[in-house]
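Proteins come first, then strands; the chains are lettered A, B, ... in the order of their sequence lines, and each starts at number 1.
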There are 2 protein chains.
Amino acid sequence: MTETTRRDRPRADTEREIRQQARRLLVEQGREAVTLRAIARELGITAPALYRYYDSREDLLRRVIDDICVDLGAELTADIGQIDEHDAVGGVLAVCRGFRRWALAHPQEFTLVFASPDDSAHCVVDDSTGKMLRPAKDQFGRIFLNMAGKLLAAHELLLPDEEHVPEELRGDLIAFRGTLLAQIKQEGIELPEQALNLSVVYLMLQFWVRLYGQVALEVFGRFPFAVTNPEPLFESMLTQLLDDIGLADAA
Amino acid sequence: MTETTRRDRPRADTEREIRQQARRLLVEQGREAVTLRAIARELGITAPALYRYYDSREDLLRRVIDDICVDLGAELTADIGQIDEHDAVGGVLAVCRGFRRWALAHPQEFTLVFASPDDSAHCVVDDSTGKMLRPAKDQFGRIFLNMAGKLLAAHELLLPDEEHVPEELRGDLIAFRGTLLAQIKQEGIELPEQALNLSVVYLMLQFWVRLYGQVALEVFGRFPFAVTNPEPLFESMLTQLLDDIGLADAA
DNA sequence: AGCCACCTGTAAACACTGTTAACTCGGTCC
DNA sequence: GGACCGAGTTAACAGTGTTTACAGGTGGCT
């Protein structure tokens with residue numbers, strides 16, 4: 001008797017359920033299957049009703065991307081939770097492995113968030129400041145970078161010569177270091193100022209390039225030959241990555 | 001008077017024109033704009049007529065992918081032609097830079113060929129042998145690998161310990177080395193057998209991971225911060241890449 | 001010549017798609 | 001009671017991939 005129709009429940013619940021169904025269709029049948037009518041059918045309503053909640057299919061997909069990033073962040077946070085708090089290397093490894101595991105388990109979502117050319121879909125303009133934001137992706141990046149911050153606080157890295165950092169990049173790197181320091185400090189991690197020199201920031205960039213390249217190639221099956229068991233390939237890249245930054249001890 | 005209707009021209013011409021228009025739509029308006037009706041409109045025919053040439057839209061897109069790979073190959077070959085024949089390092093650099101230039105100039109095509117999760121779209125089963133082929137992509141890969149072959153023939157590389165190659169990967173690497181040797185020999189490049197040990201093959205894999213990662217991140221704008229001028233970032237990766245394989249001399 | 005098969009195209013239709021407009025129903029507030 | 005508003009409906013439009021049945025020209029065969 002207390003059956004609650006959709007009208008009774010708070011609006012946010014329906015919004016969430018819409019995105020959930022959209023994601024289910026995305027995961028199970030690919031991007032093209034994310035159809036307003038299919039979503040509405042799952043909710044027991046009609047397609048035009050969705051326009052009460054989202055401006056368009058594109059708008060809906062944008063919100064779905066945000067949800068995906070939040071979930072990815074939660075998954076990685078859970079992974080980190082299983083690692084000893086003071087094991088900075090283990091934390092970084094957990095994030096890297098977790099990112100790969102998630103990407104392989106959710107190739108469609110990975111493609112949508114990390115391999116779609118439509119740039120505007122991932123940026124939102126903050127009305128008050130006018131600055132471009134990528135709200136949810138930053139939430140994922142933050143986890144990655146927090147782990148890096150912990151690592152920096154705990155270990156002395158093998159730094160390349162700061163002269164090797166290309167001149168034209170210093171401006172960007174300095175700006176990025178600023179956001180990094182703010183973020184790390186906000187997380188309560190003590191970090192000596194000079195531990196985050198430009199070489200370190202530059203190294204993190206290289207780190208991300210290789211992690212992303214490896215994962216994307218695996219998801220898209222674009223290695224130059226058939227890899228029967230990609231896991232040791234990934235693990236070997238991880239150890240080499242740690243090796244390159246002067247941490248040869250970790251397994 | 002000699003106006004040739006579509007009926008007169010050889011079938012292959014129409015097939016090619018269809019794919020050309022499909023690509024034009026892809027480049028100019030994105031994947032979703034590649035519509036059978038839009039293609040037919042450009043050719044002055046109706047949509048169902050396209051089914052005389054392709055089984056479905058998916059089938060057409062598959063052939064378009066092949067065309068794209070052929071064109072990419074031609075572009076890179078032209079790049080190589082501008083380099084001194086005996087400058088192996090220059091050749092590798094030309095291929096890497098050409099790949100980046102092409103990807104940035106044709107993001108939609110890059111996404112379709114190198115960042116699409118639909119794996120079956122890129123494989124064709126050879127009827128006689130039953131082996132899986134990726135016909136056109138191999139044409140691109142061949143250029144990349146030929147340059148690597150030349151490099152190997154001309155320089156002594158800095159090899160990592162062969163023990164570092166993960167055990168589970170040796171089978172794949174050995175198989176890949178086989179196709180590599182066949183390919184290089186077919187091109188008439190003399191290569192001492194032991195120059196292509198597993199470490200070298202493994203190194204080429206790492207090379208590809210970093211090149212792909214860098215280019216894809218740039219195309220998709222997924223660097224962790226805004227890069228105002230990505231070119232020096234790419235160039236610095238290239239020099240570091242050459243540095244890592246023991247070729248610090250090249251500019 | 002006649003005929004028949006084939007090839008290439010068409011028009012019509014079907015079941016979809018995103019999106020808009022007009023309308024209805026239920027609840028809330030004055 | 002009446003005005004308003006939010007959430008949903010139906011109907012419609014233009015556009016999509018795809019199938020079916022049909023038309024007209026071409027070439028080869030008897």
Taking the six-membered ring for Trp, is the centroid-to-centroid distance between B:Trp208 and A:Phe225 below 6.0 Å? no
Distance check needed: C:dG18 C1' versus B:Arg37 CZ, whole Å only. 15 Å
Identify, between B:Arg52 and A:Pro48, the residue whose nearest nucleotide on DNA chain D lies closer to the 5' end. A:Pro48
Here the distance between atom P of C:dA21 and atom CG of A:Leu50, to the nearest Å, is 17 Å
Which of D:dT19, D:dT9, D:dT16 is nearest the side chain of A:Ala49? It is D:dT9
Students often get this wrong, so: under 4.0 angstrom with heavy atoms, is B:Arg57 touching a base, only sugar-phosphate, or nothing? sugar-phosphate
Which whole-number value in Å describes the distance from A:Leu36 CG to C:dT19 P? 6 Å
Between CZ of A:Arg31 and C1' of C:dG18 the distance, given in whole Å, is 14 Å
Report the distance from atom OH of A:Tyr53 to atom C1' of D:dG8, rounded to the nearest whole Å. 8 Å
Between P on C:dG18 and CG on A:Asp55, what's the gap in Å once rounded to a whole number? 15 Å
A quick test of your reading: do over 12 heavy atoms of other residues, nucleotides or ligands sit less than 6.0 Å from CD of A:Glu28? yes
Could you give the CZ-to-P distance, from A:Arg11 to D:dG6, as a whole number of Å? 9 Å
What nucleic acid atoms does A:Thr46 come within less than 4.0 Å of, heavy atoms only: base, sugar-phosphate, or nothing? base
Residues A:Asp66 and A:Arg62 bridged, charged N to O under 4.0 Å: no
Could you state the atom-to-atom distance from CZ of A:Arg41 to C1' of C:dT17 in whole Å? 11 Å
Closest heavy-atom pair and its distance - A:Phe110, A:Ala103: CD1-CB, 3.6 Å
